[in-house]
Amino acid sequence: MEIIVCIKRVPQTAEVAVKIDSTGKGIEKDRLTFDTNESDTYALEEAVLMKEKFGGNITVISLGDEDTEDTLRIALAKGADNAIRIKAEDFGVLDGFQTSQILQSAIKTLNYDVIFTGCISTDAAYSQIGVTLAELLEIPHASLVVNFDINNERADVQRELEGGLIEHLDISLPALFTIQTGINEPRYASLIKIRRATKKIIKVIGKDELQQDEFISNSTLDELFVPPISKQVEFLTGSVGESSAKLAGIFKEKGLI
Amino acid sequence: MSEIFVLIEHRQEEIRDISFELLTCGRKLAEENSSKLTAVILGFNTEKIVEKIKSEVHRVLIYDNEILKEFNSETYQIVLSYLIAKENPFLFLIGHTAFGMDLCPALATQLKIPFTTDCLNIEISDNKIKVVRQMFDGKLDAKVILRENPSYMLTLRAGSFPATESNLEAEVSNLDSPISEEPDYRKFIEYIEAVAGDVDITKSDIVVGIGRGIKEQDNMTLIEDFAASIGGVVACSRPIVDSDWLPKDRQIGSSGKVIKPKLYIAIGISGAFQHIAGMKGAETIVAINRDANAPIFNEADYGIVDDLFKVIPILKEKILEMK
């Protein structure tokens with residue numbers, strides 16, 4: 001089975017302060033760490049599990065700058081066979097639709113039965129790359145996948161809906177699936193495997209090798225701003241002892257304890 | 001300006017709340033731009049749904065067919081691409097839900113219509129569309145301008161447009177589905193209901209929510225002890241369930257449970273919108289987080305900006321002293 005996994009290197013912003021840079025359209029990156037986008041790690045793990053079950057090859061592909069090669073090497077260390085970087089530096093600022101078109105132009109010449117992507121990136125947060133890519137490749141898709149298997153050359157898929165409800169589907173291959181977090185337990189790459197992966201060759205593709213001149217954008221980012229406050233929070237300040245005492249006092253006053 | 005269309009989302013014979021929010025947003029935009037609002041309903045035995053939508057819009061378009069009974073984005077795409085190519089609405093609105101995320105990008109791409117997803121706000125001026133959406137774990141908002149085009153498609157975040165009442169009288173039309181069979185390449189099999197666990201977090205007056213900030217599974221006992229001291233149950237955000245530290249039925253959020261306790265204490269939770277959707281109905285909300293800019297503070301009544309590992313043991317002591 002031929003599997004393609006699309007991954008993205010993203011700033012890890014969940015637990016740190018994020019500041020807008022001087023252009024007003026980007027963020028200050030010097031104090032942030034970068035790693036594989038969270039749901040993409042689950043997409044890669046699902047590919048490795050499928051390869052272990054059915055055999056085959058995994059190709060990881062990422063549109064990114066040179067640092068992205070570190071992210072691709074981790075994927076190689078975890079079980080991917082081939083890695084492709086599309087040079088982001090050949091393009092200017094891209095929207096999600098352009099990203100999908102660029103991925104399509106690189107993937108359309110490859111052989112594949114299954115394509116996995118993460119269901120959302122934590123930076124741009126569109127949840128659109130995978131489903132758009134499927135449409136451009138003219139293959140079926142399912143998003144937010146929380147259970148995946150293959151039976152009789154068709155995919156047996158469960159999607160996560162709201163409120164814990166699951167949608168069970170049967171989809172023909174080749175097809176694209178966007179993977180939700182929690183579907184599996186992403187493995188860690190061992191040091192030996194990481195060391196071995198540093199010797200593997202990552203194929204680097206430039207814009208001129210994509211056989212497509214124009215990538216239409218759907219939208220332009222005009223400016224970033226700090227979200228307006230919807231509800232005025234009362235911060236309880238002071239030492240830990242003081243803030244905790246204030247909060248306990250509020251609980252008492254409201255009859256909650 | 002041509003019309004604004006809203007796709008009605010329903011599941012297991014119930015109209016989903018997002019539909020009324022989409023209708024409220026669509027009505028406002030239609031009024032501001034002297035346009036008309038149309039609701040599009042795909043389903044089977046849709047009479048009850050149509051009855052509830054009639055007063056919301058100027059026009060209702062219905063495809064009532066057995067193959068449209070359950071949502072299947074590929075089936076919907078065939079019917080809607082046919083309808084949109086025929087009707088050419090200026091704007092087509094869909095919910096940013098599991099349903100909308102599966103449908104909109106493929107549908108808009110097929111029709112070559114500019115689209116964007118997860119919009120919190122929409123502005124129309126001179127036939128151009130500007131939206132506000134969130135980036136970087138919800139920590140920043142982005143103003144985004146769509147490529148100028150005669151028609152657009154957007155998905156809207158749940159909870160961004162509180163539903164209002166309306167008393168319009170719609171003209172209702174039944175249309176013939178352009179297809180009569182579900183495509184072989186994607187077949188709906190069934191819905192699988194969530195399994196109930198030992199604790200129902202929706203029934204507790206006090207809920208203590210824990211998130212990524214807890215770092216290690218071994219630290220969970222700290223939260224369990226704290227919850228016990230205040231008489232609450234332990235619930236969580238998505239990363240904790242993804243790590244299997246708590247079962248799925250303890251997850252608060254759009255894909256988990258919606259809770260409305262007297263007191264909700266969010267500990268080490270940054271506040272992704274999916275989580276907020278599940279807890280914003282709590283009477284009193286407290287957030288404890290190291291990052292003062294965490295989106296959770298936007299929803300909280302009281303906040304402590306500090307290390308949870310320092311705060312929780314002391315807060316537990318203070319609560320026990322006051323009891």
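Just so we're on the same page: letters track the sequence lines, and every chain starts at 1.
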**Asked** Could you walk me through whether B:V258 and A:E162 pass the side chain to side chain contact (heavy atoms under 4.5 Å, CB included) check?
**Response** CA-CA 10 Å; B:V258 175; A:E162 288 79 9; over 6 Å; no
**Request:** Would you check, one step at a time, whether the test side chain to side chain contact (heavy atoms under 4.5 Å, CB included) holds for B:I265 with A:F251?
**Result:** CA-CA 11 Å; B:I265 309 175; A:F251 291 160; 3.7 Å; yes
**Request:** Start with the C-alpha distance between B:K187 and A:L169, add both sets of side-chain angles, then the distance that settles side chain to side chain contact (heavy atoms under 4.5 Å, CB included), and finish with yes or no.
**Result:** CA-CA 6 Å; B:K187 297 218 169 273; A:L169 297 167; over 6 Å; no
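In terms of heavy atoms, A:A142 sits closest to B:R186 at CA-NH1, 3.7 Å. Residues A:A14 and B:K139 share a closest heavy-atom pair of O-NZ, 2.9 Å. Closest approach of A:A125 to B:D118, counting heavy atoms only: O-OD2, 4.3 Å. Of all heavy-atom pairs spanning A:S244 and B:L315, the tightest one is O-CD1, 3.4 Å. Summarising the geometry of B:H96 relative to A:Y126, their closest heavy-atom pair is CE1-O, 3.8 Å, with the distance given to 0.1 Å.
The residue among B:E321, B:E299, B:Q274, B:R238 with the most heavy atom pairs within less than 4.5 Å of chain A is B:R238. With chain A as the partner, the residue from B:Y152, B:F188, B:F99 showing the most heavy-atom pairs under 4.5 Å is B:F188. Counting heavy-atom pairs under 4.5 Å between each of B:A292, B:A108, B:P239, B:S254 and chain A puts B:S254 at the top. Ranked by heavy-atom pairs shorter than 4.5 Å toward chain A, the options B:N293, B:T155, B:D184 are led by B:D184. Options B:K323, B:K257, B:R212 differ in how many heavy-atom pairs under 4.5 Å they form with chain A, and the most are formed by B:R212.
In this structure, the ring of A:F235 has its center no less than 6.0 angstrom from the ring center of B:Y302.
Proximity to chain B is limited to the side chain of A:L144, based on heavy atoms less than 4.5 angstrom apart. Only the side chain of A:I216 comes within less than 4.5 Å of a heavy atom in chain B; its backbone stays farther off. Using a 4.5 Å cut-off between heavy atoms, B:I312 does not touch chain A at all. Only the side chain of B:Q77 comes within contact range of chain A, judged by heavy atoms closer than 4.5 Å.
Using a 4.0 Å cut-off between a side-chain N of Lys or Arg and a carboxylate O of Asp or Glu, A:E167 and B:R11 do not qualify as a salt bridge.
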